[in-house]
Amino acid sequence: MGATVAVIPARGGSKGIPGKNLAKVGGVPLVGRAVAAARAAARIDHVFVSSDDAAILACARKHGAGAIERPAEIAGDTASSESALLDALDRPEIQALDPERVVMIQCTSPFTRAEELDALVAALDREGVDCALTVAEDHGFLWIRDESETGVGVNHDHRAPRQRRQDLSPQYRETGAAYAMDVAAFRAAGTRFCGDPALVETAAAAPEIDTRRDLEVVRAIAAQIGAHPQKNLAKNIAALVTDFDGVHTDDRVIVDQAGHEAVRCSRSDGMGVERLREAGMPILILSKETNSVVARRAQKLRVPVLHGENDKLGTLRQWAKKQALTLDQICFVGNDVNDVACMQAVGLSVAPSDARPEAHRAADLVLRATGGNGAVREICEYLLLSFPAGKKSGEAR
């Protein structure tokens with residue numbers, strides 16, 4: 001059997017929300033969330049993002065997807081998603097995979113789950129099924145206007161006594177989140193509906209993101225259900241490096257009349273560091289400030305510290321080399337402008353929720369917690385999901 005490939009169409013242009021596919025939900029860009037869901041699906045072998053936008057393609061690569069530069073002639077407002085898929089399937093890098101099935105995933109549905117994508121691909125195993133789509137059960141009463149602008153019931157007889165919603169025949173609304181197709185059937189038909197479609201039911205978690213209000217709604221949902229779309233963002237991470245001020249602390253300092261400084265840290269963070277350290281992951285505090293309080297806190301946590309470092313990225317490179325790690329294997333947590341270079345260089349960049357906007361823009365993941373109030377504990381627990389106890393640094397994953 002040939003490969004199952006996922007293709008995520010993600011144009012750079014959007015009139016409703018400029019830069020929409022890079023907008024963050026739960027601290028993760030929409031394109032990153034789509035890539036994470038696809039990479040977590042057991043039945044998807046390879047993931048690609050098709051875009052005309054260099055920033056989107058860079059984000060796709062950072063989250064582990066292949067990048068396909070889409071031609072301008074199929075990247076305008078009127079271009080169909082099918083045109084992007086057909087273009088991608090013709091590329092040598094996908095042709096070499098002998099694709100048998102293709103899954104199209106829309107960035108504008110930010111809560112798509114790996115299990116739903118697996119169910120779509122599994123639906124193609126049914127005899128006579130060449131396409132499948134995600135749907136949600138819908139009990140709504142639909143209306144249209146006739147020629148005289150009078151309302152007419154579509155899925156109900158408005159002249160008859162009103163039925164209870166639960167008494168209506170089951171009906172389903174297309175979510176627009178994802179579609180799966182047999183490649184040969186898709187090529188022949190040129191449309192995602194290339195045969196009798198299988199319906200894969202899913203929970204209607206949120207609207208598709210078409211307007212700024214939609215974006216506000218899904219961000220509010222993400223804040224309630226958790227920021228992290230998939231644990232796979234951390235699956236290749238083998239070390240944690242953090243800034244100190246604004247990460248281990250709330251970025252404030254108490255100075256007494258003698259000039260002695262004190263900062264506020266979280267005991268909960270200490271437990272997170274201990275658990276991650278005992279699992280075998282190297283941890284480093286990397287700070288620009290030279291201050292005894294940094295060294296004392298690092299000593300308490302039993303982790304090494306490099307402070308007084310103006311060239312943080314250069315120092316990070318040297319430390320990684322000594323640890324036999326690549327920068328792609330490092331998770332860096334920063335909160336301010338002097339952390340951005342490190343955040344852009346590593347495999348997973350993270351910022352507390354109260355970090356500077358510059359750090360948020362550079363982050364793959366924005367935490368729910370603030371600096372000095374559980375941010376370090378949150379990232380430690382997150383990394384532990386993908387870092388089993390006893391794993392050695394630099395070990396193949």
J.: Working note: Ile209 + Val218, criterion side-chain contact (heavy atoms from CB on, under 4.5 Å); need CA distance, chi angles, decisive distance, verdict.
T.: CA-CA 8 Å; Ile209 300 175; Val218 298; 3.5 Å; yes

J.: Would you say Asp250's side chain and Arg252's backbone share a donor-acceptor pair under 3.5 angstrom?
T.: yes

J.: Hey, any chance Val5 and Ile8 share a hydrophobic cluster, counting ILVMFWY side chains that come within less than 4.5 Å of each other, even indirectly?
T.: no

J.: Nearest 0.5 Å, please: how far is CZ in Arg277 from CD1 in Ile283?
T.: 7.0 Å

J.: Show your reasoning for whether side-chain hydrogen bond (donor to acceptor under 3.5 Å, both in side chains) applies to Ser148 and Asp146.
T.: CA-CA 5 Å; Ser148 63; Asp146 63 15; 2.8 Å; yes

J.: Please determine which of Thr249, Leu301, Val376 meets the side chain to side chain contact (heavy atoms under 4.5 Å, CB included) test together with Asp269.
T.: Val376

J.: Taking atom CD as the centre, does Glu69 end up with more than 12 heavy-atom neighbours from other residues, nucleotides or ligands that are less than 6.0 angstrom away?
T.: no

J.: Is the CG atom of Asp196 crowded by more than 12 outside heavy atoms at less than 6.0 Å?
T.: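 Result for CG/Asp196: open.
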
J.: Assess whether salt bridge (Lys or Arg N to Asp or Glu O under 4.0 Å) is satisfied between Glu116 and Arg113, documenting all intermediate values.
T.: CA-CA 5 Å; Glu116 297 164 355; Arg113 295 179 294 125; 3.2 Å; yes

J.: Find out whether Asp182 and Val102 are in side-chain contact, i.e. whether some heavy atom of one side chain is under 4.5 Å from a heavy atom of the other.
T.: no

J.: Between Val103 and Leu133, is there shared hydrophobic-cluster membership here, with clusters defined by ILVMFWY side-chain heavy atoms closer than 4.5 Å?
T.: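 No; tracing contacts between hydrophobic side chains, which count when under 4.5 Å, never links both residues.
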
J.: Salt-bridge test for Arg219 and Glu216: reply yes if a basic N is under 4.0 Å from a carboxylate O, no otherwise.
T.: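 Salt bridge between Arg219 and Glu216, a charged N being under 4.0 Å from a carboxylate O: no.
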
J.: Could you check whether Tyr179 and Glu174, counting side-chain N and O atoms only, form a donor-acceptor pair closer than 3.5 Å?
T.: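 Side-chain D/A pair, Glu174 to Tyr179: present.
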
J.: Indicate yes or no: at least one non-hydrogen side-chain atom of Ile94 is less than 4.5 angstrom from one of Phe48.
T.: yes

J.: Which is it for Glu274 and Cys380 under the side-chain contact (heavy atoms from CB on, under 4.5 Å) test, yes or no, and what are the steps along the way?
T.: CA-CA 9 Å; Glu274 179 180 338; Cys380 288; over 6 Å; no

J.: Check the side chains of Arg70 and Ser50 for a donor-acceptor pair under 3.5 angstrom, ignoring hydrogens and angles.
T.: yes

J.: In this structure, which one of Ile379, Asn335, Val366 forms a side chain to side chain contact (heavy atoms under 4.5 Å, CB included) with Pro352?
T.: Asn335

J.: How far does OG1 of Thr150 sit from CZ of Arg145, to the nearest 0.5 angstrom?
T.: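 Thr150 atom OG1 to Arg145 atom CZ measures 10.0 Å (nearest 0.5 Å).
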
J.: Between the side chains of Asp328 and Thr326, is a donor N or O closer than 3.5 angstrom to an acceptor N or O?
T.: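 No - no donor-acceptor pair under 3.5 Å links their side chains.
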
J.: If I take atom CG from residue Asp98 and atom CD from residue Gln95, how far apart are they, to the nearest 0.5 angstrom?
T.: 8.5 Å

J.: Could you go step by step and tell me if Asp125 and Arg101 meet the salt bridge (Lys or Arg N to Asp or Glu O under 4.0 Å) rule?
T.: CA-CA 11 Å; Asp125 290 336; Arg101 292 167 172 179; 2.8 Å; yes

J.: Could you tell me which non-hydrogen atom of Ala355 sits nearest to which non-hydrogen atom of Gly334, and how far apart they are?
T.: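 Heavy atoms of Ala355 and Gly334 come nearest at CB-O, 4.3 Å.
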
J.: If you look at every heavy atom in Ser109 and Glu208, which pair is closest and at what distance?
T.: OG-CG, 3.7 Å

J.: Tell me the closest heavy-atom pair linking Gln106 and Ser81, and the distance in Å.
T.: NE2-OG, 3.8 Å

J.: Using the rule side chain to side chain contact (heavy atoms under 4.5 Å, CB included), only one of Leu313, Asp339, Thr242 pairs with Phe332; which is it?
T.: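 It is Asp339; the other options fail the test.
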
J.: Determine whether Ile330 and Ile237 make a side-chain contact, defined as any pair of heavy atoms from C-beta on separated by less than 4.5 Å.
T.: no

J.: Between Asp364 and Lys62, is the closest basic N to carboxylate O distance under 4.0 Å?
T.: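 Asp364 and Lys62: salt-bridged.
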
J.: Please name the pair of heavy atoms, one in Gly372 and one in Arg264, separated by the smallest distance, quoted to 0.1 Å.
T.: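 Looking at all heavy atoms of both residues, the shortest contact is O-NH1, 3.5 Å.
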
J.: Checking side-chain polar atoms at under 3.5 Å, does Gln171 have a donor or acceptor matched by the opposite partner on Asn155?
T.: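 Judged by distance alone, the side chains do pair up.
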
J.: Does the side chain of Leu367 reach to within under 4.5 Å of the side chain of Val350, using non-hydrogen atoms?
T.: yes

J.: Are Asp245 and Lys288 ion-paired here, with the side-chain N under 4.0 Å from a carboxylate O?
T.: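 Here Asp245 does not pair with Lys288 in a salt bridge, since their nearest N and O are not under 4.0 Å apart.
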
J.: Looking only at side-chain N and O atoms, does Ser266 offer a donor or acceptor that is under 3.5 Å from a partner on Asn373?
T.: no

J.: Can Arg173 and Val135 be said to form a side-chain contact (heavy atoms from CB on, under 4.5 Å), step by step?
T.: CA-CA 5 Å; Arg173 174 177 54 81; Val135 298; over 6 Å; no

J.: Using the ring of each side chain (for Trp, its six-membered ring), is His156 parallel, tilted or perpendicular to Phe141, with breaks at 30° and 60°?
T.: perpendicular

J.: Classify the side-chain pair Thr134/Thr202 by whether it contains a donor and acceptor separated by less than 3.5 Å.
T.: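 No.
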
J.: Roughly how far apart are Leu215 CG and Leu30 CG, rounded to 0.5 Å?
T.: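 Reported value, rounded in 0.5 Å steps: 7.0 Å.
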
J.: What is the distance from atom CZ of Phe193 to atom CE of Met181, rounded to the nearest 0.5 Å?
T.: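 Going from the CZ atom of Phe193 to the CE atom of Met181 covers 9.0 Å.
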
J.: What are the two closest heavy atoms between Val129 and Ala123, and how far apart are they?
T.: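 That would be CG1-O, 3.4 Å.
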
J.: Hey, are Arg377 and Glu381 close enough for a salt bridge, meaning a charged N less than 4.0 Å from a carboxylate O?
T.: yes

J.: So do Cys131 and Arg192 actually touch side chain to side chain, heavy atoms under 4.5 Å?
T.: no

J.: Would you say Asp87 and Pro71 make side-chain contact, with heavy atoms under 4.5 Å?
T.: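 Yes, their side chains come closer than 4.5 Å.
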
J.: Are Ile56 and Val7 linked, directly or through intermediate hydrophobic residues, by side-chain heavy-atom contacts shorter than 4.5 Å (ILVMFWY only)?
T.: no

J.: Can you find a heavy atom in the side chain of Thr108 that is under 4.5 Å from one in the side chain of Lys20?
T.: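 Yes, their side chains come closer than 4.5 Å.
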
J.: Applying the 4.5 Å side-chain criterion to the ILVMFWY set and letting contacts propagate, would Leu365 and Leu22 be lumped into a single cluster?
T.: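 No; tracing contacts between hydrophobic side chains, which count when under 4.5 Å, never links both residues.
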
J.: So with a 6.0 Å cut-off around CZ of Arg267, is the heavy-atom count from everything else above 12?
T.: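 Check fails, neighbour count at 12 or below.
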
J.: Might you point out which heavy atoms bring Ser349 and Ala362 nearest each other, and give the distance in Å?
T.: OG-O, 2.8 Å

J.: Using a strict 4.0 Å threshold on nitrogen-to-oxygen distance, state whether Arg39 and Asp45 make a salt bridge.
T.: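 Looking at Asp45 together with Arg39, the answer is no, because their closest N to O distance does not fall below 4.0 Å.
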
J.: Kindly determine whether Asp53 and Arg11 satisfy salt bridge (Lys or Arg N to Asp or Glu O under 4.0 Å), including the steps that lead there.
T.: CA-CA 7 Å; Asp53 186 274; Arg11 293 191 307 113; over 6 Å; no

J.: Quick one: do Val273 and Met271 end up in the same hydrophobic cluster if we chain Ile, Leu, Val, Met, Phe, Trp and Tyr together by side-chain heavy atoms under 4.5 Å apart?
T.: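 No, because Val273 and Met271 fall into different hydrophobic clusters, even though each may have its own neighbours under 4.5 Å.
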
J.: Would you say that Glu100 contacts Val183 through its side chain, given a criterion of any heavy-atom pair below 4.5 Å between the two side chains?
T.: no

J.: For Phe244 and His307: C-alpha separation, side-chain torsions, deciding distance, then whether side-chain contact (heavy atoms from CB on, under 4.5 Å) applies.
T.: CA-CA 9 Å; Phe244 186 72; His307 56 142; over 6 Å; no

J.: For Asp243 and Val333, indicate whether the former's side chain and the latter's backbone hold a donor-acceptor pair under 3.5 Å.
T.: no

J.: So does Asp251 pair up with Arg356, basic N to acidic O under 4.0 Å?
T.: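 So Asp251 does not pair with Arg356 through a salt bridge.
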
J.: Could you state the interatomic distance from NZ (Lys300) to NE2 (His248), rounded to the nearest 0.5 Å?
T.: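 Rounded to the nearest 0.5 Å, the NZ-NE2 separation comes to 14.5 Å.
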
